[in-house]
Amino acid sequence: MDIRRRNNIQITGRPDGPTVVLAHGFGCDQNMWRLTVPALAEHYRVVLFDYVGSGGSDLSAWEETRYSVLSGYAQDVVDVCEELDLRHAVFVGHSVSAMAGVLAAHAAPERIGALVMVAPSPCYIDSDGYRGGFSAEDIDELLASLESNYLGWSATMAPVIMGNPERPELGEELTNSFCATDPDIARVFARTTFLTDSRDDLKTVTAPTLVLECAQDVIAPREVGAYVHAAIPGSTLVTLPATGHCPQLSAPEATNTAILDFLRSLR
Amino acid sequence: MKIAARDAATGPVLEIVGDLDYGTAHELREHVGRTALRPGQCLVLDLSRLEFCDSSGITALIAARNHAAAARAEVALAGVPDNTLRILRIVGLDQVFALHPDAQSAVDARSAPTPRV
Amino acid sequence: MTFPLGDAPEPSEAQDAASTDAAFTALLEDSVDDLYESAPCGYLSTLMDGTIAKINATLLGRLGLERRDVVGHQRFADLLTVGGKLYHETHFAPLLQMKGAISGIALEMKKADGGRIPVLVSSVVKHGGEGEPLLIRTTVFDACDRRAYEEELQRRKQEAERAHRQAEADRARLQEALAALQQSLLPASLPAVPGVETATYYHTAAPDRLGGDFYDLFALDGERWAFFLGDVCGKGPEAAAVTSLTRYTLRAAALHDPDPVTALTTLNTVLHERCTGGDPRYCTAIFGILTPDPETGRAAVEVASGGHPPALVIRADGGTDFLPTPGGLLVGALPEASFTSATTTLGPGDTLLLYTDGLTEARTGPDRAELYGDRALLDFVAGHAGASPQGMVEALTGLLESLGDGVDDDTALLAVGVPRTLASSRPATDHRR
């Protein structure tokens with residue numbers, strides 16, 4: 001199988017620099033990193049990819065069974081690392097990808113030498129003594145919304161409703177955005193993202209780790225950032241002056257500075 | 001396929017024109033089924049203008065024979081084309097049906113006081 | 001807190017109108033503020049972090065909220081349901097940040113009384129003179145009717161998909177059943193006959209239809225083997241039922257009395273009783289008994305035919321002829337049927353070939369008007385005299401392939417032969433009883 005095509009691998013930056021892998025989370029694709037790449041490119045070799053089912057990946061390679069568990073996404077990370085024969089790469093994972101990175105680093109420790117977790121959450125649902133930010137009902141509501149395609153009509157319904165072979169430009173126009181995904185695939189990804197409890201996996205982390213959290217993040221609140229920081233001994237926690245779940249877009253300078261500081265500290 | 005029916009002194013004569021095959025054989029079977037036969041009559045099937053006959057056509061001919069037998073009547077084939085005659089020979093039906101060169105000789109053969117051919 | 005409204009078109013239009021017709025102007029919007037507040041859709045403006053800076057009365061009223069609780073206190077995402085909020089954070093916000101504008105996204109807002117309103121949201125980022133993002137302007141359209149319509153559409157689509165899956169599953173099951181039934185009409189493999197080699201070929205003209213051709217070969221006792229090959233008239237399940245009946249009748253009949261004429265007579269009785277009247281079902285068949293002689297290395301053959309094209313005997317020396325069984329009537333059509341038998345002996349290198357008319361009735365010639373015919377078949381197999389049964393069947397398979405779509409019927413072949421030995425390359429004599 002052609003992993004480069006399957007995961008739409010893009011390589012940029014300084015060819016002989018240390019390798020940094022940037023992994024997108026639920027919702028969008030590698031374009032999430034377009035404000036991060038220029039900051040890294042001068043000194044680092046930057047590897048971008050899309051998980052199977054997202055962005056420019058090969059949708060025909062998507063299997064519901066594999067991508068219904070987080071380890072399926074972690075396997076994509078390992079596949080990419082093996083395809084490029086990476087050693088001690090720095091893995092930067094956004095949102096659910098941060099946890100996929102934890103699993104991948106555990107599965108292939110020689111490939112991943114350090115972790116940057118951007119707005120991570122090991123568990124979104126509140127439970128005794130843990131505050132993930134959402135009740136089980138909240139998550140059910142999200143999933144139900146996705147099931148019935150309520151949300152993001154023009155982005156996610158368009159391929160279905162507008163899938164008119166006579167007029168392909170209709171679907172094209174509405175879906176030509178990097179956050180558009182096949183509704184069935186998006187549902188599975190959402191289910192995996194929001195229902196997985198991978199708190200125990202944090203204990204397996206041995207690599208140097210930077211945890212980046214946003215000052216205001218509905219999806220990964222401050223308590224969660226503190227939890228991740230506490231669960232990974234020796235990790236560094238940086239709180240970015242950012243609102244929302246995507247600091248690499250809403251506060252790119254602060255995000256880039258924090259990542260670069262961490263990368264320099266690894267030398 | 002077209003079927004032209006007329007009555008001769010010996011009984012009905014059905015002329016079958018065109019292709020007697022999977023698509024048309026049922027028409028002949030239905031037509032024969034509607035054709036009243038009295039005991040001792042002879043149903044003559046005039047095949048001189050038959051252009052093609054496949055196994056479905058053969059089945060229709062056998063059905064016609066069964067229909068006649070049920071009415072204690074006879075059946076005769078007239079003007080059987082060579083290629084159909086070849087098939088009739090392979091499957092042994094040349095010994096089951098009375099064969100005549102044309103419809104008139106079939107009628108004549110039955111009209112004459114001599115017993116069946 | 002107020003924000004500039006930007007380049008709304010109405011004021012300039014109103015001014016143009018005022019210059020031409022003051023009375024008309026009075027009927028037009030004379031207050032931009034009122035137009036904003038009472039517009040037939042919701043308007044709101046937020047800071048880049050989502051904090052609501054301005055919101056119109058239409059939207060406040062629709063949500064049942066007070067301006068003082070909202071402006072400066074809540075973010076746009078706070079007005080959304082949890083599902084909408086998560087979608088906003090994972091899709092809407094990043095897309096807006098990347099593209100500067102986003103339109104017609106379906107979300108759900110929550111009302112103060114706990115109800116929810118489906119809405120279509122469009123947002124655009126307003127930039128300052130330096131190109132720096134200043135604020136986000138958002139319009140909110142009520143989408144209750146549209147949501148109901150979408151849900152109906154979605155429901156119908158799911159129904160259609162379910163029906164489609166069901167149909168596909170049914171089709172697959174039917175295919176499986178057909179394949180299993182087809183298998184039951186043919187032996188999985190032929191038993192080994194000492195001193196004799198056999199080969200078969202079977203092809204159905206339409207893959208999704210049951211074939212009407214059949215063959216079999218089986219041991220009667222330690223010394224004799226019975227074989228048959230035939231063609232049931234018609235195709236499909238009805239024909240398959242007759243094929244199955246034929247196969248098991250012939251097997252049972254042969255075990256009871258292996259005389260070929262008797263076996264075919266029994267079959268005629270059974271088939272005729274099953275299918276009488278206006279829907280005759282019949283078959284043509286050759287039935288035979290094979291008796292290899294271990295001492296001479298030859299094999300005696302006795303066959304009887306019921307309306308079937310005669311078998312071919314291909315001698316090792318090239319002498320090739322039909323084995324005539326004249327007068328044999330097709331089986332099952334008439335209450336009484338006569339069958340005749342013929343015998344021969346196969347010596348080393350001799351082969352007996354049974355075939356169905358899919359081969360001889362294959363259409364040839366540029367306009368597919370000619371039939372391949374008995375004569376051509378005779379010449380073809382004569383050209384392969386001395387070949388093993390396997391070799392003969394392979395040659396005929398090649399022939400059938402070369403005839404392409406001219407073969408429009410099912411085709412079955414059964415070849416039985418005595419292997420050529422080094423010692424005897426001399427032609428065998430025809431021993432007819």
Side-chain angles (χ1 to χ4, degrees), chain A residues 24-28 31-32 34-35 94-96 119 124 133-135 137-158 160-161 174 177-181 183 186 189-190 193-194 215-220 241-246 248-252, chain C residues 46-51 74-78 80-110 116-122 125 133 136 141 143-144 146-158 160-161:
Chain A
H24 68 86
F26 166 69
C28 301
N31 282 293
M32 287 295 279
R34 72 163 75 158
L35 303 181
H94 175 225
S95 190
V96 67
Y124 292 92
F134 296 91
S135 66
E137 293 74 36
D138 290 339
I139 298 299
D140 284 347
E141 187 198 309
L142 167 74
L143 296 175
S145 304
L146 286 171
E147 291 293 341
S148 53
N149 274 311
Y150 281 7
L151 298 172
W153 189 88
S154 68
T156 62
M157 276 290 275
V160 183
I161 299 291
L174 287 169
S177 71
F178 70 98
C179 291
T181 39
F189 199 173
T193 298
F194 292 109
Q216 298 280 352
D217 183 354
V218 177
I219 293 189
T243 302
H245 190 54
C246 307
Q248 68 272 54
L249 290 176
S250 62
Chain C
T46 71
L47 304 181
M48 289 311 293
D49 71 357
T51 306
Q74 290 201 301
R75 293 194 169 81
F76 173 57
D78 296 332
L80 302 173
T81 58
V82 176
K85 199 177 288 186
L86 286 169
Y87 191 86
H88 179 270
E89 295 301 323
T90 54
H91 292 76
F92 192 101
L95 200 52
L96 182 59
Q97 270 157 339
M98 303 284 293
K99 297 207 149 188
I102 186 168
S103 69
I105 301 296
L107 294 170
E108 276 194 329
M109 302 189 92
K110 53 183 188 196
R116 37 184 70 195
I117 318 168
V119 291
L120 287 176
V121 178
S122 297
V125 177
I136 300 166
F141 286 92
C144 288
R146 176 168 164 168
R147 177 63 43 80
Y149 165 71
E150 276 169 31
E151 282 173 8
E152 183 61 14
L153 209 56
Q154 189 66 19
R155 201 171 63 76
R156 296 290 181 180
K157 176 171 160 285
Q158 282 164 354
E161 281 172 352

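Sequence lines set the chain letters: A, B, ... in the order given, protein chains first and strands last, and positions in each chain run from 1.
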- request: For the residue pair C:Phe76 and C:Val121, establish whether any side-chain heavy-atom pair is separated by less than 4.5 Å.
  value: yes
- line: Correct closest heavy-atom pair for A:Cys28 and A:His24 would be O-ND1, 3.1 Å
field: Heavy-atom side-chain contact between A:Phe194 and A:Phe134 under 4.5 Å
entry: no
message: Just so I understand: if I count every heavy-atom pair under 4.5 Å between each of A:Gly244, A:Cys246, A:Ser250 and chain C, which residue has the most?
response: A:Ser250
field: chain A contact via C:Gln97 - side chain, backbone, both or neither, heavy atoms under 4.5 Å
entry: side chain
statement: For C:Glu152, the salt bridge (Lys or Arg N to Asp or Glu O under 4.0 Å) test, sequence neighbours excluded, returns C:Arg155, C:Arg156
Region of A:Glu137 in contact with chain C, defined by heavy-atom distances below 4.5 Å: neither
